[in-house]
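Take a look at the structure set out below.
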Amino acid sequence: MKPFSLLIKPAGADCNLQCEYCFYRSRGALYPATARHRMSDEVLQRLVAGYMATDQPQYVFNWQGGEPTLLGVEFFRRVTELQMRYGKPGAVVANGLQTNATLLDDEFAEHLARYRFLVGVSIDGPAEIHDRYRVGPGGRGSHQQVLRGIECLRRNHVDFNALVLVTSANVGRAKEVYHYLCDLGIRHHQYIPCVEFNPDGRPLPFTITGRQWGEFLCELFDEWRKADTYRVSVRLFDSIVTMMVEGRHNVCHMGTNCCEYFVVEHNGDVYPCDFFVERELLLGNICSDSWESLQTAGKYVEFGRQKARWNSKCSRCDYLRFCAGDCLKHRLYNGDNPRTLSWLCEGWMQFYGHALGPLSQIASDIARERQRGHAVNRSGEAGTVKVGRNDPCPCGSGKKFKHCCGAHN
């Protein structure tokens with residue numbers, strides 16, 4: 001069975017905030033029978049037991065939303081209890097939690113630290129930027145609450161990174177956002193382009209263009225390169241270096257097939273991708289279908305194959321190795337034709353042309369270190385192992401988990 005990870009929505013699309021650009025908010029309409037969506041203990045047990053009965057090099061649970069912390073710390077205590085119960089000797093478990101951080105307290109953070117969750121905190125920059133779209137009921141900004149959550153994580157020694165959604169509010173301010181995060185002491189960054197359309201295929205106001213994305217990435221890269229190449233981790237840059245050194249991708253948009261993980265909704269329904277949680281792409285339910293049957297389902301296989309059906313221009317592009325036509329979300333915005341060029345194509349080409357040279361030098365330096373024998377293998381330890389961000393990756397690559405398999409989180 002091909003290895004796979006899980007992206008779990010224990011509260012479905014429910015959230016305590018009302019971010020204007022949230023692509024997942026509308027998914028609540030798939031479950032109209034109740035206004036409050038929460039994963040039951042029965043579904044959780046089936047989820048953990050069934051997944052950990054499969055043969056995986058590591059068991060990767062990514063808890064997302066909506067807002068997963070709506071379920072409270074007791075739910076996540078139950079998560080780790082079940083993982084320890086069903087984990088085989090030597091099993092490696094990695095938990096990722098993506099959160100707006102506004103509901104965290106010391107009790108919650110202490111549990112996340114104890115079981116070595118890698119937490120992603122959604123923050124778009126300084127308050128002026130962040131509060132443009134990340135708002136709570138009544139339109140009030142959430143920035144101050146997010147900072148309180150970050151301090152809570154830091155106080156309890158929780159590994160966390162920042163996830164920045166690049167929108168029309170911050171796309172021209174890469175340098176400012178980058179240094180703002182660094183000034184907060186955050187050394188692990190993810191930057192995600194906001195690309196959303198209305199039903200007739202027109203971009204929504206917060207959507208960025210390809211050119212804007214390219215300019216943002218180039219500005220970001222130049223700031224990072226000045227002094228931070230070995231001090232600050234930017235997920236995109238790390239992923240490119242991994243591709244150069246190892247010839248493999250560790251972020252899904254670089255892959256040539258989208259059958260890499262499953263989305264599990266609060267009631268156990270399974271979908272192929274969180275960008276494509278749509279009624280017609282429902283694959284089954286973990287309470288009635290095995291992971292083997294879900295992985296071989298024709299609907300899932302066909303969904304994954306679309307990734308490699310890129311535009312003919314992509315086949316002639318020098319950057320196809322890194323882009324693989326880009327995420328299907330950015331290609332299926334105007335109908336269902338995967339051969340449509342990515343909405344961000346212009347920007348990706350600009351960035352790769354600008355950054356691949358310097359990144360290849362970093363890759364060469366890493367390859368030389370590998371040749372000197374700087375590799376550690378932690379596989380085969382007894383018990384269920386919780387892997388932290390800075391631990392050696394269990395796959396034996398010699399890289400830290402955050403730069404290797406943990407980049408999936």
Side-chain angles (χ1 to χ4, degrees), residues 4-16 24 27-56 58-89 91-120 158 261-271 274 277 282-295 383-387 409:
F4 64 95
S5 60
L6 299 180
L7 194 159
I8 307 153
K9 306 279 189 174
D14 296 358
C15 188
N16 61 312
Y24 210 77
R27 300 323 194 258
L30 292 171
Y31 304 98
T34 175
R36 186 175 184 271
H37 307 100
R38 300 290 185 272
M39 181 171 284
S40 69
D41 190 67
E42 177 186 2
V43 172
L44 178 62
Q45 286 197 59
R46 286 180 176 268
L47 172 70
V48 176
Y51 182 43
M52 299 198 73
T54 66
D55 186 17
Q56 305 288 329
Q58 59 182 328
Y59 297 86
V60 181
F61 297 80
N62 292 305
W63 305 93
Q64 294 195 14
E67 179 49 48
T69 62
L70 285 171
L71 282 94
V73 66
E74 288 302 325
F75 176 85
F76 288 95
R77 287 189 176 126
R78 183 65 167 155
V79 165
T80 50
E81 174 193 338
L82 292 170
Q83 290 172 344
M84 300 299 264
R85 178 192 302 177
Y86 291 109
K88 306 167 188 175
V92 178
V93 175
N95 282 293
L97 174 69
Q98 185 61 44
T99 176
N100 59 40
T102 63
L103 300 178
L104 295 175
D105 58 20
D106 286 313
E107 183 182 11
F108 209 142
E110 189 277 334
H111 182 75
L112 298 175
R114 177 180 300 174
Y115 289 95
R116 310 181 80 168
F117 278 64
L118 175 58
V119 177
V158 180
Y261 70 93
F262 291 106
V263 175
V264 182
E265 259 286 348
H266 70 286
N267 68 340
D269 282 350
V270 180
Y271 297 88
D274 61 329
V277 174
L282 175 64
L283 303 176
N285 188 286
I286 62 170
C287 296
S288 56
D289 300 288
S290 69
W291 289 115
E292 289 82 2
S293 66
L294 291 166
Q295 197 171 58
T384 301
V385 182
K386 300 289 181 177
V387 182
N409 287 340

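For clarity, every value in this text was computed on a predicted model and none was experimentally measured. Side chains are part of it too, since the values below use all heavy atoms of this structure and drop only hydrogens, waters and symmetry mates.
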Lys/Arg N to Asp/Glu carboxylate O, [X] vs [Y], below 4.0 Å:
X: E42; Y: R46; value: yes
X: R36; Y: D14; value: no
X: R114; Y: E110; value: yes

Would you mind reporting whether [Y] and [X] have side-chain heavy atoms less than 4.5 Å apart?
X: T69; Y: T102; value: no
X: N95; Y: V79; value: yes
X: L283; Y: D269; value: no
X: L30; Y: Y271; value: yes
X: Q45; Y: R85; value: yes
X: L103; Y: E67; value: yes
X: Y59; Y: V92; value: no
X: L82; Y: L44; value: yes

When you check the side-chain N and O atoms of E265 and N285, is any donor under 3.5 Å from an acceptor?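 No pair is found: no donor N or O on one side chain lies under 3.5 Å from an acceptor on the other.
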Applying side chain to side chain contact (heavy atoms under 4.5 Å, CB included), run through N267 and V43 and close with a yes or a no. CA-CA 7 Å; N267 68 340; V43 172; 5.6 Å; no
Say you draw a straight line from [atom1] of [X] to [atom2] of [Y]; how long is it, rounded to the nearest 0.5 Å?
X: L70; Y: N16; atom1: CG; atom2: CG; value: 5.5 Å
X: Q83; Y: M52; atom1: CD; atom2: CE; value: 6.0 Å
X: L7; Y: Q98; atom1: CG; atom2: CD; value: 9.5 Å
X: D289; Y: L294; atom1: CG; atom2: CG; value: 5.0 Å
X: M39; Y: W63; atom1: CE; atom2: CH2; value: 6.0 Å
X: E107; Y: D105; atom1: CD; atom2: CG; value: 6.0 Å

Positive for side chain to side chain contact (heavy atoms under 4.5 Å, CB included) with Y261, one of V60, L6, D274: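 Running side chain to side chain contact (heavy atoms under 4.5 Å, CB included) over V60, L6, D274 with Y261 returns exactly one hit, D274.
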Going by the side chain to side chain contact (heavy atoms under 4.5 Å, CB included) test, name the single residue among Q64, K9, R27 that passes it with V263.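 It is K9, the one option of Q64, K9, R27 that forms the side chain to side chain contact (heavy atoms under 4.5 Å, CB included) with V263.
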Does D55 CG have over 12 foreign heavy atoms under 6.0 Å away?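 Atom CG in D55 is not crowded, with 12 or fewer foreign heavy atoms closer than 6.0 Å.
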Does the plane of the ring in Y31 sit parallel, tilted or perpendicular to the ring in H266? Use 30° and 60° as the thresholds.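 Plane angle over 60°, so perpendicular.
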Angle between ring planes, F117 versus H111, binned at 30° and 60°: parallel, tilted or perpendicular?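 Tilted.
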I'd like to know if the side chain of T80 reaches the main chain of F76, judged simply by a donor and an acceptor atom lying under 3.5 Å from each other, with no hydrogens or angles considered.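 Looks like yes, one N/O pair under 3.5 Å.
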Exercise: identify the closest heavy-atom pair between Y24 and A13: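 Taking every non-hydrogen atom into account, O-CB, 3.2 Å.
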Taking all non-hydrogen atoms of both residues, which atom of P68 and which atom of L97 are closest, and how far apart?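 Nearest pair, atom of P68 first, then L97: CG-CD1, 3.5 Å.
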Residues R38, L71; criterion side chain to side chain contact (heavy atoms under 4.5 Å, CB included); working and verdict: CA-CA 7 Å; R38 300 290 185 272; L71 282 94; 3.9 Å; yes
Do you know which of Y51, F4, Y115 makes ring pair (Phe, Tyr, Trp, His ring centres under 6.0 Å) with F61?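 It is Y51, the one option of Y51, F4, Y115 that forms the ring pair (Phe, Tyr, Trp, His ring centres under 6.0 Å) with F61.
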Given the rule in the side chain to side chain contact (heavy atoms under 4.5 Å, CB included) test, do L112 and L104 qualify, once you have shown the distances and angles that lead to the verdict? CA-CA 10 Å; L112 298 175; L104 295 175; 4.3 Å; yes
